Amino acid sequence: MMKVEAIVVRDRIETVMDAVEDHTGHVGVTVIEAVGHGRQRGITHEYRGRIFESRFLPKAHLTFIVRDELAEPVRDAIVDAARTGHESGDGICWASPVFNVTHNRTGRSLEEVEVV
Amino acid sequence: MMKVEAIVVRDRIETVMDAVEDHTGHVGVTVIEAVGHGRQRGITHEYRGRIFESRFLPKAHLTFIVRDELAEPVRDAIVDAARTGHESGDGICWASPVFNVTHNRTGRSLEEVEVV
Amino acid sequence: MMKVEAIVVRDRIETVMDAVEDHTGHVGVTVIEAVGHGRQRGITHEYRGRIFESRFLPKAHLTFIVRDELAEPVRDAIVDAARTGHESGDGICWASPVFNVTHNRTGRSLEEVEVV
Amino acid sequence: MTNKDLVIAASTIWVVVAAILVMFMQAGFAFLEAGLTRMKNVGHIAAKNVLVLAIASIVYYLVGYGIAFGDGGNGLVGGSGFFPDVDDLLAIGTAPFSWFSTIPAGAGYLFQVVFAAVSLAIVWGAMAERTKLWVYFAFGIVFTLIYSVVSHWIWSPDGWLFSKGMQDFAGSTVVHYQGALAALAGALLLGPRIGKFGADGKPNAIPGHNMAFTTLGVLILWFGWFGFNPGSTLGVISGDKLGYFAYVALTTNVAAAAGALGGLTVSWLVIKKPDLSMTLNGVIAALVAITAASGFVAPWAAIVIGLVAGAIAVLGVLAIERARVDDPIGAVAVHGMAGVWGTLATGIFAVPALAENLATGKGGLWYTGSFDQLGTQALGLVAVGAFTFSASFGALWLMKVTFGIRVDAEVEQAGLDVSEHGMWGYPEFYIPVPGGYGTDSHGHVGVAHAPRSAPPAAVTAATALEPTT
Amino acid sequence: MTNKDLVIAASTIWVVVAAILVMFMQAGFAFLEAGLTRMKNVGHIAAKNVLVLAIASIVYYLVGYGIAFGDGGNGLVGGSGFFPDVDDLLAIGTAPFSWFSTIPAGAGYLFQVVFAAVSLAIVWGAMAERTKLWVYFAFGIVFTLIYSVVSHWIWSPDGWLFSKGMQDFAGSTVVHYQGALAALAGALLLGPRIGKFGADGKPNAIPGHNMAFTTLGVLILWFGWFGFNPGSTLGVISGDKLGYFAYVALTTNVAAAAGALGGLTVSWLVIKKPDLSMTLNGVIAALVAITAASGFVAPWAAIVIGLVAGAIAVLGVLAIERARVDDPIGAVAVHGMAGVWGTLATGIFAVPALAENLATGKGGLWYTGSFDQLGTQALGLVAVGAFTFSASFGALWLMKVTFGIRVDAEVEQAGLDVSEHGMWGYPEFYIPVPGGYGTDSHGHVGVAHAPRSAPPAAVTAATALEPTT
Amino acid sequence: MTNKDLVIAASTIWVVVAAILVMFMQAGFAFLEAGLTRMKNVGHIAAKNVLVLAIASIVYYLVGYGIAFGDGGNGLVGGSGFFPDVDDLLAIGTAPFSWFSTIPAGAGYLFQVVFAAVSLAIVWGAMAERTKLWVYFAFGIVFTLIYSVVSHWIWSPDGWLFSKGMQDFAGSTVVHYQGALAALAGALLLGPRIGKFGADGKPNAIPGHNMAFTTLGVLILWFGWFGFNPGSTLGVISGDKLGYFAYVALTTNVAAAAGALGGLTVSWLVIKKPDLSMTLNGVIAALVAITAASGFVAPWAAIVIGLVAGAIAVLGVLAIERARVDDPIGAVAVHGMAGVWGTLATGIFAVPALAENLATGKGGLWYTGSFDQLGTQALGLVAVGAFTFSASFGALWLMKVTFGIRVDAEVEQAGLDVSEHGMWGYPEFYIPVPGGYGTDSHGHVGVAHAPRSAPPAAVTAATALEPTT
Ligand SMILES: Nc1ncnc2c1ncn2[C@@H]1O[C@H](COP(=O)(O)OP(=O)(O)O)[C@@H](O)[C@H]1O
Ligand SMILES: Nc1ncnc2c1ncn2[C@@H]1O[C@H](COP(=O)(O)OP(=O)(O)O)[C@@H](O)[C@H]1O
Ligand SMILES: Nc1ncnc2c1ncn2[C@@H]1O[C@H](COP(=O)(O)OP(=O)(O)O)[C@@H](O)[C@H]1O
């Protein structure tokens, strides 16, 4: 199977999930809080005349484990749904193959479980 | 080496770690808080007669970097130990190859360090 | 492209980022809070004469998506910068290939975007 | 010292202590409100009560006290005692505040100003989490004036409602109902918080972030109310009743207790859970309701008043929400509806002998079978309702159309603490503070928070101008 | 006003102020206890003290006051003054509460009811984090009655222990020891919290979640105790000592100070750390111990009593834990053991002249060499211990075998806030609140928390019935 | 009771109530300071105020009260009343504390000891987050003695500054300026917190972790200050002014209000944001400044004093930071600079009639055109400044060179809660507490926190010795 991962801004998490389900039928995602540093180099912030700088902005890291043929449609759904129209910070998305994908409850391959 | 990743419910983290060590001798894991959305579609919650819905349940994401021959035994240990007997939510587990695995302190390959 | 991942102690996050940028020119990282259990087996802690044990120490998980040729230099920069001189706990680092790396804002391949 | 002087000394002790207790109610409101709102606004919400007290203290000293109690006015407004000087304030029972004859005029200021500040504190409850900072100042001044006028009507011997015998022992109408009227005007003009009502109009729950704070707030308010009601005896003897304030404290206490039980029970019945915030609001509603009645009613009636008020807290909050008004704290229900109930209940349950002893109005419907007192109470409610609501609505409307009273959406989303004041109330949960939570080896990886592409004007203005090195 | 009336007026001011201070101790208990327990129960633990005050206020008004102080009873129980009406409460020194001759009976109610509420607040400390909500109501009523009976024994002039000359100035026995006895009964019947003791029986530390809250609680309690002990003079003159309450405040203060130092030192010696929760508990233990003694002892003895009590707080908490009893707050040690110590210490250190001036018992062992007073104190402890423990144990046992007093494991795991009341005390740390922490661009990704497969019955009952759209 | 006795009774009520209010200011300092510092030190910072009160209570009882007010001393120090016994404390206007003639000597102790504790609380503000625990004890004792000496100079009728007519109604100099002088000595000897100043010397912001706590602290302090200033009348009549304390409360209140507005406005102008912590500090600065003046000035002058003090809070905090002194709470600016301002302002604005009525000094520059009083005030500031700063600096310097006053870097990084006391103030945010936040199905994965390779000595000492099974 394929693992499709994406870094998105946090308020797009649910939009992205919905887009994936609507466009590909895939259900199942794991979400992790992340902070990112990219071309958009963070923010500054002031307090009592002092500057606070942070090189990080809040993001979320999404993992979808999907059947091989879904990797591209899922990627497309993510990229479209993650776009906010802002000038930067929308994140990135990539895929990689994974093996031995097992469903913990049943101990069977996830692919089989999903078909059922 | 192989990277074995697993999504498990949070109170199984230590059980899974112990099972891996007991069954395969492998020591070393990195744990990340995650929230997941799977076939079990979240929960609802009420407050002042209003419904709160959440599509996410708390999970943990575990990463084990293991020698190639341990990938399958580690996977098996995880899957068994992650099973709670509940109706859903036990998560999934998968593996993928990783390269250039380096031990930061010594700068040497992890495989060598572990053998020592 | 390649995904270079590293587990480092938290106060080395910025040092590692800077080292990567200085030595390879690569900009772009996603950081996730993690806790780890390795050869260094956690800490104990006391309260009212009772012992608290924790098998985990705080770490950070860093992901760099880089051009293939940068994978090794980035790895080297990380390993060097992550070294604290302490007796243990400096973490590990590894790489794996990823595909279809897409830049969400533009919908184009990240490689192209970076070149621009 | 003569015995007369000793009575004044004792009365002054009591009234000053009571005033101090009432002053502390600002901490109660600060924590009640901070607990019932969100983390991102916690500093703003809490510290605002310090501003409330500051504004009321100055404005009431300058003009409010004279409007309310200055000698030589008419039925609508007082006529002297503005900017009172040392001698004015040390005087006892002489011009310009001759109404205060059992305590020095300075003690009168102290006791009255903290009431004005309570009324003003109520206003902001329904306007929480989305009001511009300048409005606190501008409307704070306006409202203190409105308040002073109405308190003249009901509590000054020259006031027109006073002459009609309106019974409002410690201010269910003067303090609470008025505050709630302005709060309602504000909530209507502001509109609901982002996310409070879904696209379909269904309300979403936005639970408060800290029930411990809310509990602290309620217990401080209960504590302070022992100054509020019993202090309104203004002395150690009331008519011929010695230590009457102790009796007033008793009715206050049993009413508050009944309010907790009423709120808990009704929330259990209606929303199927013994909701904590509603139970706590039940206490406040009961205290509001017993405020008018506390000097006039029997203990059993106090319990009834409290129980009903507890129910009002629950049903009122739900009704206000159903009417699509977003009142984060429940101020309209808890201070407004319960204030109306308390004012009317006094007209129902006033014990004739107690009314006579206080020389204010007469016995209530229950005892006399006469609607007289109830009518007076209703008249007062209508008059105050019309005046205070329209004046407040008018003033806030003017502010809305001129400079605007609601913060920008980005500011509201980011929270008022960082947007308006430049720093979160709980910084370590939001940004990496040197040596703080989430840095070094501590608990989490701190992240700098800020609206991404369209930072609130206020934030960027400050940051953009400064070199960052 | 006559001089006699003036004395009454002054005494009423003092007693009412003292009662108000004691009432505020509920906020002290709320924060002491909330700080010493876990985040998931914070709202429940804090807000419970509002219920405690509510229940005690109503029950004590209805029957407790009559049981404790009503005229015409016998050595065991009072005989009139139930549901007192307006006149009963305004009366001074006449039926049905003729014992209160320096203050109106209404002031007597106020002062006594807040003591009952303190005793009730203590009960829940040892039962925290696992007791069903209905028990608070049912046992709250039962305990208020038990309390009223014992307070009659010791404080009513008709009481049998009063006649024996038992010295319990402000209630080390009546208030604290009694509360702790019921707390112990509850802790025994409930069993320990999940996770408190390992499979091998070794105790695990479950540190409280907020030391700032605990500190606030302790400082509020210290503050309130200046009403508790000095207020128990019930007036401005005691025997022939004018302003004797100031002296009582002094002994109270130095004892509390010594308790802090005692607790800190002993924890440093015994567990090798100057533990904050134990230092803070040392203050409370010292205040508990000085409660009986405050009017009877010299300042040096107050310091000794406080130091020993501070040590008791540390050693007692550890001993109780070693006995496999799970008392999250340390109520049994801090109120029970220190209460016993304070009661006995009075029998040791009572200054003959002070006992005589208060016309209660006689001088203690230290001064007189006689065991008389110490014997009386011990008799009181035994009698109260037997009665209150068995009555409390019996009542709770009955509740246990009928409806059950302990929440289900799932409810306990999930926390009482969400399970019993439908919402966390700190919602933004657990679920995504609209516009709150962890949503949008804020600090963390909020997650909906709930027990996964077996949600507590209470939670599902409410949610399952509602359409979710 | 005679009328004279009744005056004493009433005065004792007032003074004891005032003392209780002042005692509660410890909770105010605890929360002000805890709110302005970091999460990792919260328990230590808050609970330290309990120790402050404990140490001051015992030391002042043993020797401080005698040094300050004992009969038979000279201009520099009192001469009797050490370890006072029961009779000494019950006496009114006789040896060894004959200065207290309107209240029993025990009430005098109570009122004075809480002032000593406030002064001591101020000291630690500037020394927060890096001072060794033993210093609290050692310097706490030393400072209580220093304080007692200076309070003798200014407030005892034998004191040399008293004889010169220095006006310090409630202690801008005695309490606040002194505390700030020791705080400054401490901050200088300790050096800044790790991370406060960058390598280039530029200051970094270390915002406090909880603005709600800070607000609570400020409101408690405002509340307590109604005991502080008005209580300093020491009775119900001052000269020929009945209930003069009410007037003092009024000047205190309008000054505090003006301080809030001054702090807010100046911070808005200077740092471009209505900073909450500075607004709140403005209130404290104003209260500090009005402390000396409250009995001497007109309301308009009180407002001016408050406004200026509010500005001082902002500018002073920034100036201290610019001078590379790390004062986490702003104690030096808020108590020191504002204390100086208040002391001088009294010499400027004292109303001749009020000074005469209090029989202390004379009218100020504004009214009399004479620099006399201002000169006396300045003399007092110089004398106290020299004595208290050098004594404090000397004592702390000695402690520094002998045992050390600053914790190790590892201890400071890890936080004082875990390093000094063995447990965090908010454990559930740092470690997995059984059944707590972050365990089981709760919000986050708890992590055990500890410095990795070089754990603070104190932590390892305790853990290494214990078997971990
Ligand atoms: N090369 C990379 N490796 C890892 N994460 C990256 C990389 N590039 C971007 N990201 C992630 O994506 C987020 C958005 O990237 P950014 O460069 O700000 O986007 P944009 O190009 O739209 O401005 C970053 O905050 C980071 O989390
Ligand atoms: N396809 C997937 N991709 C990523 N994460 C998944 C996927 N399927 C399941 N998960 C993770 O596993 C968790 C449990 O999945 P769920 O479907 O609830 O299990 P079950 O099939 O046992 O009910 C989810 O909450 C999610 O975190
Ligand atoms: N095999 C592994 N798989 C996953 N994570 C690992 C592994 N080995 C080490 N780690 C991570 O690296 C961290 C440091 O490892 P540790 O063994 O303590 O380092 P060292 O060998 O320098 O003592 C661990 O806390 C864990 O997060």
Side-chain angles (χ1 to χ4, degrees), chain E residues 3 6-7 10 13-14 17 21 38-40 193-196 204 206-207 209-212 215-216 218-220 222-223 226 230 236-237 241-243 245-247 249-250 253-254 256-258 260-261 264 272-276 279-280 283 298-299 303 351 354 413 429-430 447 449-452, chain F residues 1 3 5-6 8-10 12-13 16-17 19-20 23-24 26-27 30-31 34 42-44 46-47 49-51 53-55 57-58 61 83-86 89-90 92 103-104 106-107 109-110 113 133 213 417 420-423 425-428 433-437 440-443 461-462:
Chain E
N3 276 19
L6 276 164
V7 177
I13 294 176
W14 172 243
V17 168
L21 290 171
R38 287 168 292 180
M39 288 174 66
K40 64 183 176 184
R193 288 168 294 172
I194 296 170
K196 176 63 196 174
N204 294 314
I206 306 185
H209 87 282
N210 195 321
M211 252 344 94
T215 302
L216 180 63
V218 167
L219 284 168
I220 291 176
W222 192 331
F223 173 68
F226 284 122
V236 293
I237 186 158
K241 309 288 183 218
L242 196 53
F245 55 89
Y247 178 75
L250 181 149
N253 193 58
V254 293
L261 302 178
L264 185 124
K272 310 279 176 304
K273 283 281 176 188
D275 185 277
L276 290 180
T279 304
L280 295 168
V283 173
I303 294 175
V351 176
L354 296 180
Q413 293 274 26
F429 288 126
Y430 292 92
V447 300
H449 157 80
R452 253 173 321 280
Chain F
M1 228 190 265
N3 277 19
D5 284 352
L6 276 164
I8 291 172
T12 309
I13 294 176
V16 169
V17 168
I20 296 170
M23 173 262 147
F24 197 48
Q26 291 298 330
F31 274 71
V42 66
H44 175 91
N49 283 73
V50 172
L51 291 183
L53 187 52
I55 293 166
S57 291
I58 298 290
Y61 167 72
F83 318 82
D85 65 19
V86 180
L89 294 165
L90 288 173
I92 301 171
I103 52 174
Y109 160 82
L110 208 69
V113 75
L133 198 61
F213 280 10
D417 283 357
E420 296 265 34
H421 304 285
M423 181 49 62
Y426 302 133
E428 295 188 42
V433 167
Y437 188 67
D440 303 325
S441 46
H442 284 276

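Lettering of chains follows the sequences in order, A, B, ..., and the numbering in each one begins at 1. The shown structure was predicted, so the numbers you read here are calculated from the model rather than taken from an experiment.
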Contact class of E:I220 relative to chain F, heavy atoms under 4.5 angstrom: both
N/O donor-acceptor pair under 3.5 Å between F:Y61 side chain and E:I303 backbone: no
Donor-acceptor contact below 3.5 Å, side chain E:K40 vs main chain F:G435: yes
Pairing residues for F:F24 by the ring-ring contact (aromatic ring centres under 6.0 Å, His included) criterion, not counting sequence neighbours: E:F223
Shortest non-hydrogen contact from [X] to [Y]?
| X | Y | result |
| --- | --- | --- |
| F:S57 | E:V254 | O-CG1, 4.2 Å |
| E:L219 | F:A27 | CD1-CA, 3.5 Å |
| E:A212 | F:F213 | CB-CE2, 3.6 Å |
| F:P427 | E:H209 | CD-O, 3.7 Å |
| E:A10 | F:I13 | O-CD1, 3.3 Å |

Top contributor to chain E interface from [options] [non-hydrogen pairs under 4.5 Å]:
| options | answer |
| --- | --- |
| F:A107, F:A47, F:P84 | F:A47 |
| F:V86, F:N3, F:V42, F:V113 | F:V86 |
| F:I20, F:L51, F:L133, F:I103 | F:I20 |

Any side-chain heavy-atom pair of E:V236 and F:L6 under 4.5 Å: no
Minimum side-chain heavy-atom gap E:P299-F:D85 below 4.5 Å: no
Would you compute the distance between atom [atom1] of [X] and atom [atom2] of [Y] and round it to the nearest 0.5 angstrom?
| X | Y | atom1 | atom2 | result |
| --- | --- | --- | --- | --- |
| E:W14 | F:T12 | CH2 | OG1 | 10.0 Å |
| F:D417 | E:L276 | CG | CG | 6.5 Å |
| E:I206 | F:E428 | CD1 | CD | 10.0 Å |
| E:K241 | F:L89 | NZ | CG | 12.0 Å |
| F:I92 | E:L242 | CD1 | CG | 4.5 Å |

Interface moiety of [X] toward chain E, non-hydrogen atoms closer than 4.5 Å:
| X | answer |
| --- | --- |
| F:P104 | side chain |
| F:M23 | side chain |
| F:V16 | side chain |

So which of [options] has the biggest tally of heavy-atom pairs under 4.5 Å with chain F?
| options | value |
| --- | --- |
| E:A249, E:A260, E:A256, E:P274 | E:P274 |
| E:R38, E:K196, E:M211 | E:R38 |
| E:D275, E:V7, E:V17, E:V218 | E:V7 |

